[in-house]
Protein chains: 2
Amino acid sequence: MIGDNTFVKEMNYKTVLDTIRTQRSVSRAELSRLTGLTRSTCSVICDRMLTQGIIIENGTIESTGGRPSIALQINNRAASVLGLKMMEGHIAAATVDLGGNIIIKHSQSIEPDLSSDAYLKRFEAFVTAIITQHNTAFPLIPMLGIGIGVGGRVSSDGVLLESSVLGWRNVALKQRLQERFALPVHIENDVNTFAIGEKFFGSGQLFDNFLCLSVGEGIGLGIVVNGKLLAGSHHGAGELGHTRVSYEPDSPRCACGKRGCLEAFASDAAVGQRYFARTGKKLGIDALLAAAEAGDEDARTVFSQMGTYLGIAVSSLVNLFDPEAVIIGGERTNAASHFMKDLRRAFEENTVYDLAREVQLIVLEPSNDEWIRGVAALAIGEFFSQAKRWGQ
Amino acid sequence: MIGDNTFVKEMNYKTVLDTIRTQRSVSRAELSRLTGLTRSTCSVICDRMLTQGIIIENGTIESTGGRPSIALQINNRAASVLGLKMMEGHIAAATVDLGGNIIIKHSQSIEPDLSSDAYLKRFEAFVTAIITQHNTAFPLIPMLGIGIGVGGRVSSDGVLLESSVLGWRNVALKQRLQERFALPVHIENDVNTFAIGEKFFGSGQLFDNFLCLSVGEGIGLGIVVNGKLLAGSHHGAGELGHTRVSYEPDSPRCACGKRGCLEAFASDAAVGQRYFARTGKKLGIDALLAAAEAGDEDARTVFSQMGTYLGIAVSSLVNLFDPEAVIIGGERTNAASHFMKDLRRAFEENTVYDLAREVQLIVLEPSNDEWIRGVAALAIGEFFSQAKRWGQ
DNA sequence: CACCTTTGTTCGACCCCCAAACTAAGTATT
DNA sequence: AATACTTAGTTTGGGGGTCGAACAAAGGTG
């Protein structure tokens, strides 16, 4: 890693931009104090950003005995990105401004069991329609990039190496879509976008080391170390669901074919199976949750068992990573009241030292839009880190 | 993170120094090609290093059609550090030059069950004697720092927060010793020094993401992510031994009091216990290894079981971190021939995707001096990263 | 109304790297 | 043996970044 004046300039630019973004509204003098750069340097950098239009001056901040300062803010409406989530039989999308605010949401269903090429043809038509509509409705908010979340392993150059959800292997998504739309395209594993979104917009802004646990149909993990996503050297990091948690030969069989996977203990399907084993009744996860809400003791028990398994898994993760926080999201946070108590207990019982007291367990509110800030952060983050060169 | 000219200067200095170190012998022109800096800049930086004495010119490299180049090398004998390992009842020490070469080894036994203060009094006397002897014998090789490895959790400011091996809590080691010896003192968990040593001197030089597994009396893990040790936000990362690997209520009890810990399955003691359960004979680990060597089927079986458990643990780790390599060290590598086959098999069976084929499993040769390059790298690495300011 | 405080700008100085020209010291060719 | 060519390392001038100090702007305070 080497550097010169340009390197320094870009680094300081990025620091100032990040500071304005995380502070939301801040003066040049305050920027100088927060970053350690001199007031003159901050002035020069901010002038550049004002010229670019990436920030705006927004009124004055009342004086504390001297000249009042000028509030600087990210110009959220300077640009937008398109965030998408690829699922089997369904594509979700949203246009989002630089502040992460949703402009318009879109949705498109797709026939199941399509080839990747047929799927992508429909995908491209969908995206084209959104972009056209956006450019008509908001001609002053240029669309700068596309962020896509997908279940599976995605290489750093945007090849979907394998996706069990979509049933694809080795699809050069990024290259194809980038050529098609002439826009920067960023693709990531969906759980990783969760972590990226938390780092950029969510509670992860406070932490440099944290874990994002996604619970629901599968069990996923996004890892942030030293402020950066830990993707792994083959982009396969964070495979928690198929970690073997039982060495017993008769442990439950997982969908992946192996035995003893965490998903065979704590996923939606596993919860349903344990309920079936207790009662002989087959219930979907929503019905099961309703039963637990209604006071069904068997349903409550299987959810609390799920909490215990997850708690042990979290304790193992905390023993390994010693993070500042563990953020729990995913669809099944709507059952948090039925599993968090046991999760927390098992976590505390199985964590070494007294880390359990120091690590924050954060449960996100159940939301259908959680994924949006992930894919938006993916594209916006990339744009911001390139912005130093914008308009040159 | 901000920067100015000084920052750039120091960064480039460090890049050049690291390149010379890892290349062992390299010309200015080659440095320019490897780092991306211009020849002129490399010349200036090398001149500074030559003046400092941290590198030397060592002959010419034969011409390939032009002016022959001058070999630059780290001046290993420019300085030395003292590396120490604190154990119960025993202190091991070695003076080491900048190239990691052992100058002299020392050893000192200490009465067991001492208070931390009594232990440290003897420790200080031992260190004083070594430094005095070193300064007499090698007056031209100044001692620049002390690196210490210890079992337990060590904070970033050098407080031994807790050590089950020594039975101490909250001992401000670094502060006390630094005041006592007027030298920079660096203290780390012993498994972390293993990882640091591998990164600095060993096969870890080739990798930016790898895991160091230490097997023996306990099971330890050192983690390197993005070229840096992952210590954790409370310096508790890498606790693998007490990860729960079995959820069964009757799983073996661990020394820590809990059930189902990995150490209760795969440590020396666990291997001995399983042998006792099979045969009714109590054997120490060395005797057990000798029995396995001699063909005792029961002994061979318990070692191969140990391999299976470790293999599953390694697969879980690889699923999480997706590293480039897993380096296996520790005393029990002397039994590698009896457990690696099963370790490898269990690893391959339980790793998701086809990562098992892409991740290198490296087994270190059994050695009594393995710890030395760890603690040496701890002190030398810190010295090198400060060297840009040396003599100013 | 004079003085103080704080913000933001301007300008000269410093210094780091780079590019290009230059010197040094070999090999290859004729 | 002379010349051309190649590669290594040095010297020099220029560009461009941040810094520090001085200055202008705009409010409060007594």
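So you know, we letter chains A, B, ... as the sequences are listed, proteins then strands, and number each from 1. Note that the coordinates shown come from a computational prediction; the quantities given were computed from them, not determined experimentally. Every heavy atom of this structure was used, including side-chain atoms; hydrogens, water molecules and symmetry mates were not.
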| task | Could you tell me whether A/R24 atom CZ has more than 12 heavy atoms of other residues or ligands within 6.0 Å of it? | result | no
| request: Please state how far atom CG in A/D47 lies from atom P in D/dT18, giving the value in whole angstrom units. | output: 12 Å
| Residue whose nearest DNA chain C nucleotide is more 5′ - A/A71 or B/I45 | A/A71
| task | Please state how far atom CZ in A/F7 lies from atom C1' in D/dG15, giving the value in whole angstrom units. | result | 19 Å
| said: Just N and O in the side chain of A/R39: are any of them under 4.0 Å from OP1 or OP2 of C/dT6? | reply: no
| said: Go nucleotide by nucleotide along DNA chain D from the 5' end; which of B/G65 and A/S63 gets its closest nucleotide reached first? | reply: B/G65
| message | Measuring from the side chain of A/R28 (C-beta onward, heavy atoms only), which nucleotide among D/dG20, C/dT9, D/dA8 has the closest atom? | response | C/dT9
| Using a cut-off of 4.0 Å on non-hydrogen atoms, how would the nucleic acid contact of B/S69 be classed: base, sugar-phosphate, or nothing? | sugar-phosphate
| query | Taking only N and O in the side chain of B/T41, is any of them less than 4.0 Å away from OP1 or OP2 of C/dC17? | reply | no
| field | Among C/dT9, D/dG17, D/dG20, the one nearest A/T38 by side-chain distance | value | D/dG20
| task | Classify the angle between the aromatic ring planes of A/F383 and A/W390 as parallel (below 30°), tilted (30 to 60°) or perpendicular (above 60°). | result | perpendicular
| query | Considering heavy-atom distances to DNA chain C, does A/I2 or A/G66 have its closest nucleotide positioned more toward the 5' end? | reply | A/G66
| request: Indicate whether OP1 or OP2 belonging to D/dT10 is found under 4.0 Å from a side-chain N or O atom of B/S40. | output: no
| What is the distance, rounded to the nearest whole Å, between atom NZ of B/K9 and atom P of D/dG17? | 20 Å
| request: Dump the intermediate steps for side-chain contact (heavy atoms from CB on, under 4.5 Å) on A/E30 and A/S69, then the final yes or no. | output: CA-CA 9 Å; A/E30 185 69 12; A/S69 54; over 6 Å; no
| query | How long is the line joining CD of B/E57 and P of D/dA8, in whole Å? | reply | 15 Å
| query | Between the side chain of B/Q178 and the main-chain N/O of B/V185, is any donor-acceptor distance below 3.5 Å? | reply | yes
| query | Rounded to whole angstroms, how far apart are CG on B/N5 and C1' on C/dC18? | reply | 13 Å
| said: Could you tell me how far apart A/I61 (CD1) and C/dG8 (P) are, to the nearest whole angstrom? | reply: 8 Å
| query | Considering heavy-atom distances to DNA chain D, does A/G36 or B/A29 have its closest nucleotide positioned more toward the 5' end? | reply | B/A29
| message | Taking 4.0 Å as the cut-off, does a side-chain nitrogen or oxygen of B/N12 come that near to OP1 or OP2 on C/dC17? | response | yes
| query | What's the CG-P distance between A/L31 and C/dG8, to the nearest Å? | reply | 9 Å
| Do B/L31 and B/L37 have side-chain heavy atoms sitting under 4.5 Å apart? | no
| query | OP1 or OP2 of C/dT9 sitting under 4.0 Å from any side-chain N/O of A/R67? | reply | no
| task | For A/I70, report the nucleic acid contact type (base, sugar-phosphate, nothing); a contact means any heavy atom under 4.0 Å. | result | sugar-phosphate
| message | Expressed as a whole number of angstroms, how long is the span from B/M11:CE to D/dG17:C1'? | response | 13 Å
| Touch class at under 4.0 angstrom, heavy-atom based, for A/T6 against every strand present | nothing
| said: Using side-chain heavy atoms (C-beta onward) and a distance below 4.5 Å, is A/V81 in contact with A/H186? | reply: no
